[in-house]
Amino acid sequence: MGYRALEGWGALPGIQLPRVFFEAPPELVAPRLLGKLLAHRTGGLVFAGRIVEAEAYLGPHNDPPDPAAHAHRGPTPRNRVLFGPAGHAYVYAIYGRYFCMNVTCEIEGRAGCVLLRALEPLGRTDGAEVAQMIRNRGLDPGGFSAGKLARQLASGPGRLCQALGITRLRHNGLDLADPASPLQIRDDGYTVTEVLTTARIGIREAVDWPLRFFLPGNRCVSGAKNLIGKRVPLSVEFD
DNA sequence: AGGCCGATCCTCT
DNA sequence: GAGGATCGGCCTA
């Protein structure tokens, strides 16, 4: 936990996840994404954070279908990326001011996805990347201790997109498994030992489905009252 | 053509 | 803990 130095990274940290990683049902991909890195290369900087919270949204081919999912009523111009191949970014605008980022799962025609809900930002506290993320978020650079700042930067689906500069226009539909992509998900060897699950946040349908996953004890998980969950069996998630 | 509302965040009490 | 900001997309007529 805590900030880790970006110094020494030639380009992007860790190793890019292959497409096959995402070609599984979202309720399996979501917990497996915890501990992995989301990295965005832009303007000579690499913005990166460790995924500490994610939610699964199921495609309409499931029985019963997931009424909280954007794909619930079938393809539309907004959600068409969800019905494409796995490992792509689905970025949408919400409340007129924010963006949320998902990773598509399963195979073409099956619209499962994982919403990225919180990151633990990486980078030197005095480095250019963190400084830019603070500006992206509109925060006061001197207003926080290092610990509080880590929480303010990317603990929330809208916040993480704002911090890393992820927008619908620039990033919706990008292939996260393409080595040339500015937006990737990577594995730096970080080992996850425990995952907790709860109901999803901010939805009105299927309010008790246990499809939110997070790393217990991580200070960057969003929400103060959403930290008590049920343990996910490791034998199922890490075979 | 128009109305409704959201997978959110921030501020204020 | 409650309420406002703010607008693209989806549904209904």
Side-chain angles (χ1 to χ4, degrees), chain A residues 22 25-27 29-31 33-34 38 49 51-60 62 64-83 88-106 110-119 121 133-141 143-144 148-173 176 185 196-214 219-227 229:
Chain A
F22 307 102
E27 68 271 26
V29 176
L33 274 173
L34 300 181
L38 176 66
I51 300 166
V52 299
E53 179 183 354
E55 287 176 353
Y57 286 86
L58 312 186
N62 286 274
D66 179 358
H70 284 185
H72 180 228
R73 296 169 188 275
T76 69
R78 176 177 69 156
N79 69 17
R80 65 183 168 77
V81 174
L82 293 176
F83 292 85
H88 289 247
Y90 168 54
V91 182
Y92 67 92
I94 187 169
Y95 293 103
R97 345 181 57 155
Y98 302 105
F99 297 102
C100 293
M101 176 182 166
N102 297 254
V103 181
T104 62
C105 298
E106 306 194 66
R110 295 185 177 237
C113 67
V114 174
L115 170 70
L116 303 183
R117 283 200 58 90
L119 307 178
M133 285 194 281
I134 291 172
R135 282 193 291 274
N136 289 348
R137 289 275 294 115
L139 300 174
D140 173 7
F144 303 95
K148 302 261 187 192
L149 177 61
R151 253 203 123 248
Q152 286 299 313
L153 278 179
S155 62
R159 288 174 170 183
L160 76 87
C161 285
Q162 195 172 42
L164 270 62
I166 296 168
T167 66
R168 180 181 64 86
L169 228 52
R170 280 161 33 191
H171 302 289
N172 186 46
L176 303 169
I185 297 184
L196 297 187
T197 181
T198 71
R200 295 171 292 185
I201 292 174
I203 55 170
R204 304 182 66 124
E205 309 277 349
V207 293
D208 55 354
W209 293 17
L211 293 177
R212 170 176 174 260
F213 304 89
F214 64 96
R219 65 185 169 187
C220 295
V221 172
S222 74
K225 299 170 130 182
N226 306 308
L227 303 176

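Naming convention: chains lettered A, B, ... in sequence-line order (proteins, then strands); numbering from 1 in each chain. From a predicted model like this one, the values you see are computed outputs, not experimental measurements.
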Q) For A:Thr76 and C:dC10, is the shortest distance between a side-chain N/O and OP1 or OP2 below 4.0 Å? A) yes
Q.
Would you say A:Arg78 places a side-chain N or O within less than 4.0 Å of OP1 or OP2 belonging to C:dC10?
A. yes
(Q) Whole angstroms only, please: what is the CG-C1' distance between A:Asn172 and C:dG8? (A) 13 Å
Q: May I have the distance from A:Arg73 (atom CZ) to B:dC5 (atom P), rounded to whole angstrom?
A: 13 Å
(Q) Within the 4.0 Å heavy-atom criterion, would you say A:Leu115 contacts the bases, only the backbone, or no part of the nucleic acid? (A) base
Q: Could you tell me whether A:Arg200 sits above the aromatic face of A:Tyr57, with NZ or CZ closer than 6.0 angstrom to the six-membered ring centre and within 45 degrees of the axis?
A: yes
Q.
Work out how far the C1' atom of B:dC5 is from that of C:dG3, and round it to whole angstrom.
A. 16 Å
Q) Are side-chain heavy atoms of A:Leu153 and A:Arg159 found at a separation under 4.5 Å? A) no
Q: Could you say whether A:Arg137 or A:Arg204 is positioned toward the 5' end of DNA chain B, judged by the nucleotide with the nearest heavy atom to each?
A: A:Arg204
Q) How would you label the contact of A:Arg212 with the nucleic acid (heavy atoms, under 4.0 Å): base, sugar-phosphate, or nothing? A) nothing
Q: Answer with base, sugar-phosphate or nothing: what part of the nucleic acid does A:Gly158 contact at a heavy-atom distance below 4.0 Å?
A: sugar-phosphate
Q.
Need one value for A:Ala93: base, sugar-phosphate or nothing, where a base atom within 4.0 Å counts as base even if backbone is also close, heavy atoms only.
A. nothing
**Q.** A:Tyr95 side-chain proximity, nearest of C:dC10, B:dA7, B:dT8
**A.** B:dT8
Q: Indicate the atoms forming the closest heavy-atom contact of A:Leu38 with A:Met101, along with that distance.
A: CD1-CE, 3.8 Å
Q. How many Å lie between NE2 on A:His70 and C1' on B:dC5, as a whole number?
A. 11 Å
Q.
If I compare all heavy atoms of A:Ala71 with all of A:Ala111, which pair ends up nearest, and what's the gap?
A. CB-CB, 3.6 Å
(Q) Can you measure A:Asn226 atom CG to B:dA7 atom P for me and round it to whole angstrom units? (A) 16 Å
Q | Watson-Crick or G-U wobble partner of C:dG9, both distances under 3.5 Å | A | B:dC4
**Q.** A:Tyr57 aromatic ring stacked with six-membered ring of B:dA7, 5.5 Å and 30°
**A.** yes
Q. Starting at CG of A:Leu139 and ending at C1' of B:dT11, how long is that distance when rounded to a whole Å?
A. 14 Å
Q | Nearest to side-chain heavy atoms of A:Arg159, which nucleotide of C:dG9, B:dC10, B:dT8 | A | B:dC10
(Q) So A:Arg97, base contact, sugar-phosphate only, or nothing? Heavy-atom distance under 4.0 Å. (A) base
Q: Could you tell me the separation between the CZ atom of A:Phe99 and the C1' atom of C:dA5, rounded to a whole number of Å?
A: 15 Å
Q) Between A:Asn79 and A:Ile94, who's closer to the 5' end of DNA chain C by nearest nucleotide? A) A:Ile94
(Q) In this structure, how many angstroms lie between the C1' atom of C:dC10 and the OH atom of A:Tyr92, rounded? (A) 15 Å
**Q.** Distance in angstrom units between A:Arg80 CZ and C:dG9 P, rounded
**A.** 11 Å
Q) Can you check whether A:Tyr98 stacks with the B:dT8 base, using ring centres under 5.5 Å and planes within 30°? A) no
Q. Minimum heavy-atom separation for A:His72 to A:Pro65, with atom names?
A. CD2-CB, 4.1 Å
Q) Of the non-hydrogen atoms in A:Val114 and A:Ala54, which two are nearest, and what is the gap between them? A) CG1-CB, 3.7 Å
